[in-house]
Amino acid sequence: MTPRPQPNRKAHTREPDQGGFFGRPRVLLATVFAATLLSSILLLTKNYYWDGIFFAHTIENAPRLNASLVHPSHLLDMVFQYVIYRTVLLTGLQPRALTVMQLSNCIFAAVAACVFFRICLESFKSVYVSLIATALFAFSATWWKFSTDANSYILAVLFLLLCFYLALPQRKPSPFVLAMVHVLAMFVHQLSVLFFPVAIAALIFQCRGMPRTNQIKCVAKYVLTVGLITVAVYFAMFYLATGRLSVRAFATWITYFSPEHGFTFSVWNNLVHTLRSQWRVFLGGRAGF
């Protein structure tokens, strides 16, 4: 008896249409950017973060680039925002610095959503999963609130997402580029230093299969580049702001934190606050804001 031919399962597998909408990453990225940017600009927050008010006031009162724009926790963020604000003024427009900072954050947030989408697309190989994950990211309560406000978090996270993209396991290791982008993130917000162990682990994964010596050199290039540039620029800004060269004063300056904030060492309370914070990331806030 002649066996019946088996159906060719590959023939029935629908491959992505490279000529269609979902086969064109650039069109998808443009759509993600436009949707995120439009949603943010149309719904600017009315509940301003107090740091943003302070930053905007400082920027408007600075006649030029000077030490008043340097802050140990957000080293060059006000410098970046000052340049953007002055560039807008050159066009003849006269907006408030707060508004310029809000709108620039909307743009940074839209770019961050595109980078996040690209990371998901390379990681999951699924347009559907990537779009859903990007929507959860772009329209989560806390991110959306800060995306439409004046603060230093959005630009810092954008740089960290670029770092994460460069650090994906399937990408070729680029320790110098990764170091420079990470340095920019730390210049915007000091807490970006916490990405340091992630970057080292990522480089180790990217260098797997290489000789041990090459792996060490790759990690060393990143560590030395980040360390030397960060310490040098921070110390230069410290001298510009204070006129001092004391190492002890420098250590005190870079570890400054607002007096109304403190530290807790209760494991249970920290766990409760962490879980509550994770809930608020997606569902916190009020629609009226």
Side-chain angles (χ1 to χ4, degrees), residues 25-26 29 32-33 70-81 83-84 104-105 107-125 130 133-134 137 143 152-240 247 250-251 253-255:
R26 290 182 182 179
L29 287 173
V32 170
F33 177 84
V70 176
H71 190 284
S73 298
H74 323 284
L75 190 68
L76 298 179
D77 179 60
M78 278 193 285
V79 174
F80 296 152
Q81 295 289 354
V83 171
I84 295 173
S104 63
N105 262 352
I107 296 173
F108 296 147
V111 176
C114 292
V115 176
F116 186 85
F117 174 75
R118 190 70 186 182
I119 291 171
C120 291
L121 201 58
E122 289 204 13
S123 301
F124 304 124
K125 310 299 181 185
S130 301
T134 302
F137 165 73
W143 176 260
S152 59
Y153 303 117
I154 302 303
L155 183 56
V157 172
L158 170 58
F159 283 132
L160 289 178
L161 283 171
L162 288 170
C163 287
F164 195 85
Y165 177 74
L166 293 169
L168 289 174
Q170 64 269 31
R171 296 187 62 82
K172 183 179 178 181
S174 304
F176 285 127
V177 178
L178 178 61
M180 293 306 299
V181 179
H182 190 196
V183 163
L184 290 175
M186 288 188 286
F187 288 167
V188 175
H189 200 293
Q190 196 178 50
L191 287 180
S192 299
V193 69
L194 297 176
F195 188 82
F196 187 75
V198 179
I200 292 178
L203 287 172
I204 292 173
F205 274 104
Q206 288 180 330
C207 295
R208 63 188 184 279
M210 294 183 180
R212 186 75 172 177
T213 305
N214 291 354
Q215 294 181 13
I216 295 174
K217 287 181 179 178
C218 184
V219 174
K221 288 176 183 178
Y222 163 77
V223 172
L224 291 174
T225 303
V226 164
L228 292 175
I229 294 178
T230 303
V231 173
V233 174
Y234 260 89
F235 196 83
M237 293 299 104
F238 163 72
Y239 177 73
L240 178 66
V247 175
F250 174 63
W253 186 74
I254 62 175
T255 55

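Heads up: numbering here begins at 1 and tracks the sequence.
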Does atom NZ (Lys172) have a neighbourhood of more than 12 heavy atoms from anything else shown, all under 6.0 Å?
no
For the student: nearest non-hydrogen atoms of [X] and [Y], plus distance:
{"X": "Ile229", "Y": "Val183", "result": "CG2-CG1, 3.8 Å"}
{"X": "Ala199", "Y": "Leu178", "result": "CB-CD2, 4.0 Å"}
{"X": "Ala113", "Y": "Thr134", "result": "O-CG2, 3.6 Å"}
{"X": "Val231", "Y": "Phe250", "result": "O-CZ, 4.5 Å"}
{"X": "Val226", "Y": "Met186", "result": "CG1-CE, 3.5 Å"}
{"X": "Cys207", "Y": "Cys218", "result": "SG-SG, 3.2 Å"}

About how many Å separate [atom2] of [Y] and [atom1] of [X], when rounded to the nearest 0.5 Å?
{"X": "Ser192", "Y": "His74", "atom1": "OG", "atom2": "NE2", "result": "10.5 Å"}
{"X": "Cys114", "Y": "Leu158", "atom1": "SG", "atom2": "CG", "result": "10.0 Å"}
{"X": "Ile84", "Y": "Phe108", "atom1": "CD1", "atom2": "CZ", "result": "4.0 Å"}
{"X": "Ser152", "Y": "Gln190", "atom1": "OG", "atom2": "CD", "result": "10.5 Å"}
{"X": "Leu184", "Y": "Cys163", "atom1": "CG", "atom2": "SG", "result": "8.5 Å"}

So [Y] and [X], do their side chains get closer than 4.5 Å, heavy atoms only?
{"X": "Trp253", "Y": "Tyr234", "result": "yes"}
{"X": "His71", "Y": "Met78", "result": "yes"}
{"X": "Leu160", "Y": "His182", "result": "yes"}
{"X": "Thr225", "Y": "Met180", "result": "yes"}
{"X": "Val79", "Y": "Phe187", "result": "no"}
{"X": "Ile254", "Y": "Phe238", "result": "no"}
{"X": "Gln81", "Y": "Ser104", "result": "yes"}

Any pair with a residue in residues 107-121 that passes salt bridge (charged side-chain N to carboxylate O under 4.0 Å, His left out), sequence neighbours left out, goes on the list, sorted by first then second residue, please.
Arg118-Glu122
Enumerate the salt bridge (charged side-chain N to carboxylate O under 4.0 Å, His left out) contacts for residues 196-213, please, sequence neighbours excluded, ordered by first and then second residue.
none
If we ignore hydrogens and angles and just use 3.5 Å, is the side chain of Thr230 paired with the main-chain N or O of Gly227 as donor and acceptor?
no
Would the distance check show the side chain of Gln206 and the main-chain N or O of Leu166 forming a donor-acceptor pair, the cut-off being under 3.5 Å?
yes
For [X], side-chain contact (heavy atoms from CB on, under 4.5 Å) partners two or more places apart:
{"X": "Ile204", "answer": "Ile200, Val219"}
{"X": "Tyr239", "answer": "Leu245"}
{"X": "Ala109", "answer": "Trp143, Ser147, Ile154"}
{"X": "Ser174", "answer": "Val177"}

Which of these passes side chain to side chain contact (heavy atoms under 4.5 Å, CB included) with Val181: Tyr165, Phe159, Phe164?
Phe159
Run the numbers on Phe80 and Leu76 for side-chain contact (heavy atoms from CB on, under 4.5 Å), then give the verdict.
CA-CA 6 Å; Phe80 296 152; Leu76 298 179; 4.1 Å; yes
